[in-house]
Amino acid sequence: MKVIKVTTFGARAAATLLAGTMLSGVPLANAQTAPNTAAPKTKTPALAATPAPAPVPAPAPQHVIKSLRVEGSQRIEPETVLSYTKLRTGQVYTNEILDQALRDLLASDLFADVSIAGVETGDITIRIRENPIINRVLLEGNKTLKSDKITKEIKLAPRQIFTRTAVRQDVARIIELYRRQGRFAARIEPKMVSLDQNRVDIVFEISEGPKSKVRAINIIGNTVFSDSKLREQMVTKQARLTRFFSSNTSYDQDRLAYDQQKLRQFYLTEGYADFRVTSAVAELTPDKKDFIITYVVEEGPRYKFGDITVDSDIRDFDNNKLAATLVAKKGEWFNAKKVEDSVTSLNESAGLFGYAFTDVNPDYQRDADNLTMSVNFHIAEAKRTYVERIEVTGNRNTQDKVIRREIRMAEGDAFNSFQIKRSQDRINSLGFFQDKFEIKNEQGSAPDRVILNANVEEKPTGELSLSAGYSSLERFIIQAGITQRNFRGKGQELRANVDYSVYSKSIQLGFTEPYLFDKNIALGVDVFRRDYNSFNYLGDQRQTTYSQVSTGFQVRFGVPLTEYWSLSGRYGLTYDQVGLDKATYYSDTNSDGIVDTCDPLKAGRYLCEAIGNRVTSAVGYSLVFNSLNSGLRPTAGQRLVFSQDFAGLGGDVRYIRSRIEGSKYWNLGKGFIFSINAEGGYIKSLEKSRGPGIDPVRITDRFYLGEPQIRGFDIRGVGPRVQRIPYITDSNGDQILQTDRNQIVDDALGGRAYYMVRFEIEPPLSGGVRELGLRPSIFMDVGAVFGIKRPLPTATFPTHVDPTTGKTIVDPIITPITDSSGHPLYGYTLPDGTGSTTTCPAGLPDGNGGCNGVTPNSALTNTISPFLERFLGDSPKPRLSIGFGVNWNSPFGPLRIDIAKALLHQKGDDTKLVTFNVGTQF
């Protein structure tokens, strides 16, 4: 019996051979060839002779399938095997039909070996050997690509049928993955491990190889711009040591096509409208480590804008007025970006008139002789559109009304692109959703209907933070807080914060309802307690001057006046306790050592005047204009605030504090953001004079400037201050003033008026740097605080003339220590050797109010070393600093570093070069 057999290793060749081969053992015809016997020759007439008739071949016998069965099937049912062929019992079969059956079975990828037996008899037997089942798919040697990323791309998986075709396809897929990473030297070797029960393990042994870098980028044909200038426009960069951490030095086929687009965009913005890249070739070096990319370009001539016209089919538009508003102007160098901006401007203008789906097409007329490019912007006919409905999707926690109340349009309103943009800005300013939120316009049920789709993506709005850090202002800081900016999904804000450091402590609770009773009225309340210690430095020691403990509450409300103007009001009640360190600044007043009087010689008259307890009852308002496009990170718009607070509605303090502040942001293009922030204020006391040399505004109510308001200066390092400069004796024995600033007592007094302006530029960042959370900036700060009454000198020290040198010497002040009645105190020694005090200049007290004895006692005194007191810094002249800084949302928490140099400062100002703050949050 003959058997027709094909295996997957030679399937294609076997099928070809079978197609031209006779079935073995099948006769081609039944007629037998007659023996060649000659007839006897006879003479007959020519006309009577007739030719012998040609033999007629008998019809070829037909072969019919008598029976049909399958052998070797294990998992696959015989019926399923037969379903892949066209063979059926009772069917006539030929060589071609059997060949096709073999090809069909092999094409199913289910079988490793296929053969057909019983061809001679018609009892057809299909013998198969099934492909094995995959038990596991293993990856070995992959390091830069994680296994889960590769597994997602390949098709082979456990419990699937193994085929060599699938293996080859998966090898190609893995190689493509590595090529996308720039690893063109990667090699994949698949291996099959046979197991029992016709199972196999597939192992891909991976040799990743190094990343193929771009060794050089060559540009041929450029004459106007240098190679380096053109390389700057490309995303792909040449591999250099300075770009060790850059991912753009590896070769990427998609990036190569993108770089060609970038080159064309660059030339089109420079006026070269005919520019084209004629070829871009990337050659892999023989070692497969580097690529050499070569561009061949044709720059062409440079064009200028010709006539810029607008042709509108919409009757509402004035073509000449629209053309005058476009950024593209006749006579300027041609710039494709200006054409795009003009199209955007026309679409926005049409949107303001209610045309949501305006089609603006620029028509170019090139004048090759005069090298001009005229552009006609054609605005096709469109219907005024109306808002059919507003759909809000994606919000799982935030209630619909929180989003809808920020949308400045209602269903049925005429479409207005400006109001759509304003709605986007307001929703972004909530801070509840991911950045770059946009309201999409979709065609409604009719040509004049539009559907506004606000598809938001929520982000976490609750914050639970515990942080510990170091501040150049307050040394070690511990902070804890919980804030929910979208409480119950209603847009309400609930917060609680606790701050603790060596010199300040505070606790604050607050709640804000932005829409009271679903009306556009905001209401909020804050309860707080703050413990703040003012300080100065003496040497390396930071010593507290006065402490202020404030306890109180504030109630706030706000209402909008227009889309951009709003009015807010507030009332606050605060109880302040201001005191000084008694051990440092108070003097003994009796024999028990009890101190309850501030000593001006130790503290300064200005600090002694500040102590006391007082109640401040203040009411205030703020008038606000706000057109910023974001409340978190604005890039455009402006904000203006005028505020006044009146203290005197009851309480002990009376003043009017006025402040004005404004900010404006500009998008300079190419990712640069420029901003100006300015503010100023003045406080006027409404109280009677508190005495000569005493400023009517208390030291705790004044304005202060320095770090962090003006970088380049220390905390409260700008403005009026009193310096106490001690007298010391030099190496020659002469009395001189101390020159070491660390040994000078410096007390900031603040001022009644101040102003401050901050100029800042944020440069653009690449995607990788933005992902790191970095935000660098360059800044210039200008400001001053001034306007207080010059304090009276604390003391006048006695002097004498040194008879030897003839120089005037400043002497210390020696004051007697007295009891509560003002009697001088003296010290004496008891018989047991202990010391005691008495009012007796000599002898011992007799117990009856008199003195017994003549032995003189030592007078008890306080000695104040001489010092020179200077009043400095009370000047409106500007202080100016420049520098750069960076914000970084580091893994350890928010970090801010500023390096600033004070270029303009007044005598007495305290400058500082570097400041930083860091904390940890989780």
Report task. For R389 and E442, run salt bridge (Lys or Arg N to Asp or Glu O under 4.0 Å): C-alpha distance rounded to whole Å, both residues' side-chain angles, the deciding distance at 0.1 Å, then the answer. Result -> CA-CA 10 Å; R389 66 179 183 273; E442 299 178 1; over 6 Å; no
Requested in this report: Evaluate the criterion side chain to side chain contact (heavy atoms under 4.5 Å, CB included) for residue pair D645 and R570; output intermediate values, then yes/no.
Outcome: CA-CA 9 Å; D645 290 280; R570 56 192 168 272; 3.0 Å; yes
Requested in this report: Apply the test ring-ring contact (aromatic ring centres under 6.0 Å, His included) to residues Y303 and F334: give CA-CA distance (whole Å), side-chain angles for both, the deciding distance (0.1 Å), then the verdict.
Outcome: CA-CA 6 Å; Y303 288 80; F334 175 76; 7.4 Å; no
Query - side chain to side chain contact (heavy atoms under 4.5 Å, CB included) between D898 and V886, worked out - result: CA-CA 7 Å; D898 288 306; V886 61; over 6 Å; no
Requested in this report: Report the C-alpha separation of I451 and E391 in whole Å, then their side-chain angles, then the decisive distance to 0.1 Å, and conclude whether the side chain to side chain contact (heavy atoms under 4.5 Å, CB included) test is met.
Outcome: CA-CA 7 Å; I451 299 173; E391 295 182 350; 4.1 Å; yes
Report task. Applying side chain to side chain contact (heavy atoms under 4.5 Å, CB included), run through N347 and V343 and close with a yes or a no. Result -> CA-CA 6 Å; N347 277 314; V343 171; 3.7 Å; yes
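Remark: the backbone N or O of N677 is not paired with any side-chain donor or acceptor of R639 at under 3.5 angstrom. When atom types are taken as modelled, the side chain of S312 and the backbone of F317 share no donor-acceptor pair closer than 3.5 angstrom. In this structure a side-chain-to-backbone donor-acceptor pair under 3.5 Å is present from N335 to K337. Under the 3.5 Å distance criterion, the side-chain polar atoms of Q443 are matched with a main-chain donor or acceptor of R449. In this structure a side-chain-to-backbone donor-acceptor pair under 3.5 Å is missing from R264 to V277. The backbone N or O of A324 lies less than 3.5 Å from a partner atom in the side chain of K329, making a donor-acceptor pair. Side-chain N or O atoms of E458 include one that pairs as donor or acceptor with a backbone N or O of T398 at under 3.5 Å. Judged by distance alone, the side chain of D425 and the main-chain N or O of R422 form no donor-acceptor pair under 3.5 Å. Formation of a donor-acceptor pair under 3.5 Å by the N486 side chain with backbone atoms of G491 is found in this model. Looking at D311, its side chain never comes within 3.5 Å of a backbone N or O of H378 through a donor-acceptor pair.
For the pair Y386 and G412, the tightest heavy-atom approach, listed with the atom from each and the gap, is CD2-O, 3.9 Å. Contact between V757 and A678 at its shortest, heavy atoms only, is CG2-CB, 4.0 Å. S622 approaches V641 most closely through the heavy-atom pair CB-CG1, 4.2 Å. For the residue pair T385 and P447, the shortest heavy atom distance occurs at CG2-O, 3.8 Å. Between A414 and M409 the shortest heavy-atom distance is O-CE, 2.9 Å. In plain terms, the two heavy atoms of P878 and L904 that are nearest each other are O-CB, 3.8 Å.
Within a 6.0 Å radius of CZ in F642, more than 12 heavy atoms belonging to other residues, nucleotides or ligands are found. Remark: F418 CZ is loosely packed, at most 12 non-hydrogen atoms of other residues, nucleotides or ligands lying under 6.0 Å away. In K383, the NZ atom is not crowded: 12 or fewer heavy atoms of neighbouring residues, nucleotides or ligands sit closer than 6.0 Å.
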Donor-acceptor contacts, no H, no angles, side chain residues 217-227, under 3.5 Å, sequence neighbours left out:
residue : atom : partner : partner atom : Å
N222    : ND2  : F225    : O            : 2.8
N222    : ND2  : D227    : OD1          : 2.7
T223    : OG1  : E299    : OE1          : 2.8
S226    : OG   : S228    : OG           : 3.1
S226    : OG   : K229    : N            : 3.2

With a cut-off of 3.5 Å and sequence neighbours excluded, list every side-chain donor-acceptor pair involving residues 352-360.
residue : atom : partner : partner atom : Å
Y355    : OH   : D316    : OD2          : 2.7
T358    : OG1  : Y355    : O            : 3.3
D359    : OD2  : N361    : ND2          : 3.4

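Checked against side-chain contact (heavy atoms from CB on, under 4.5 Å), A323 has the following partners two or more places apart in sequence or in another chain: V310.
Looking at M756 and I710, their side chains come closer than 4.5 Å, going by heavy atoms from C-beta outward. Using a 4.5 Å cut-off on side-chain heavy atoms (C-beta onward), T635 and Y665 make no contact. Within the 4.5 Å cutoff, the side chain of L452 has heavy atoms near those of the N441 side chain. Between V327 and V339, the closest side-chain pair of non-hydrogen atoms is not below 4.5 Å. For the pair I778/F759, no side-chain contact is recorded, criterion being any heavy-atom separation below 4.5 Å from C-beta on. Side-chain atoms of I427 and I403, non-hydrogen and from C-beta on, do get closer than 4.5 Å to each other. Residues Q484 and R495 form no side-chain contact, since every pair of their non-hydrogen atoms from C-beta on lies 4.5 Å or further apart.
Counted by atom type alone, Y267 and R302 present zero donor-acceptor pairs between their side chains at under 3.5 Å. In this model, no donor atom of one side chain and acceptor atom of the other lie less than 3.5 Å apart for T309 and N319. The closest side-chain donor-acceptor pair between T512 and Q492, if any, does not fall under 3.5 angstrom. For the residue pair Y621 and Q644, a side-chain donor N or O sits within less than 3.5 Å of a side-chain acceptor on the partner.
A distance of 7.0 Å separates OG in S342 from CD1 in I308, rounded to the nearest 0.5 Å. We find the CE-CZ distance between M234 and F266 to be 10.5 Å, quoted to the nearest 0.5 Å. To the nearest 0.5 Å, atoms CD (E760) and CE (M780) are separated by 11.5 Å. Interatomic distance, CZ of F625 versus OG of S566, reported as 10.5 Å (0.5 Å rounding). Interatomic distance, NZ of K519 versus CZ of R405, reported as 13.0 Å (0.5 Å rounding). In this structure, the separation between CH2 on W565 and CG on L623 is 5.0 Å, given to the nearest 0.5 Å.
The existence of a salt bridge linking D448 and R384 is excluded, since no basic side-chain nitrogen approaches an acidic carboxylate oxygen closer than 4.0 Å. Using a 4.0 Å cut-off between charged nitrogen and carboxylate oxygen, K490 and D518 do not count as a salt-bridge pair. Comment: E493 does not engage R485 in a salt bridge, judged by the lack of any side-chain N to carboxylate O separation of less than 4.0 angstrom. Salt-bridge annotation for E762 and R775: present, with a side-chain N of the basic residue lying under 4.0 Å from a carboxylate O of the acidic one. Between K440 and E438 a salt bridge is recorded (basic side-chain N to carboxylate O distance below 4.0 Å). Between D259 and R255 there is no salt bridge, since no side-chain N of the basic residue sits under 4.0 Å from a carboxylate O of the acidic one. Electrostatic pairing of E332 and K338 counts as a salt bridge here, judged by a charged N lying under 4.0 Å from a carboxylate O. The pair E406-R404 fails the salt-bridge criterion, with no side-chain N (NZ, NE, NH1 or NH2) lying under 4.0 Å from an Asp/Glu carboxylate O.
A cation-pi contact links R711 to F779, judged by a cut-off of 6.0 Å to the six-membered ring centre and 45° from its axis.
When each of D781, L903, V782 is paired with S881, the side chain to side chain contact (heavy atoms under 4.5 Å, CB included) condition holds for D781 and for no other.
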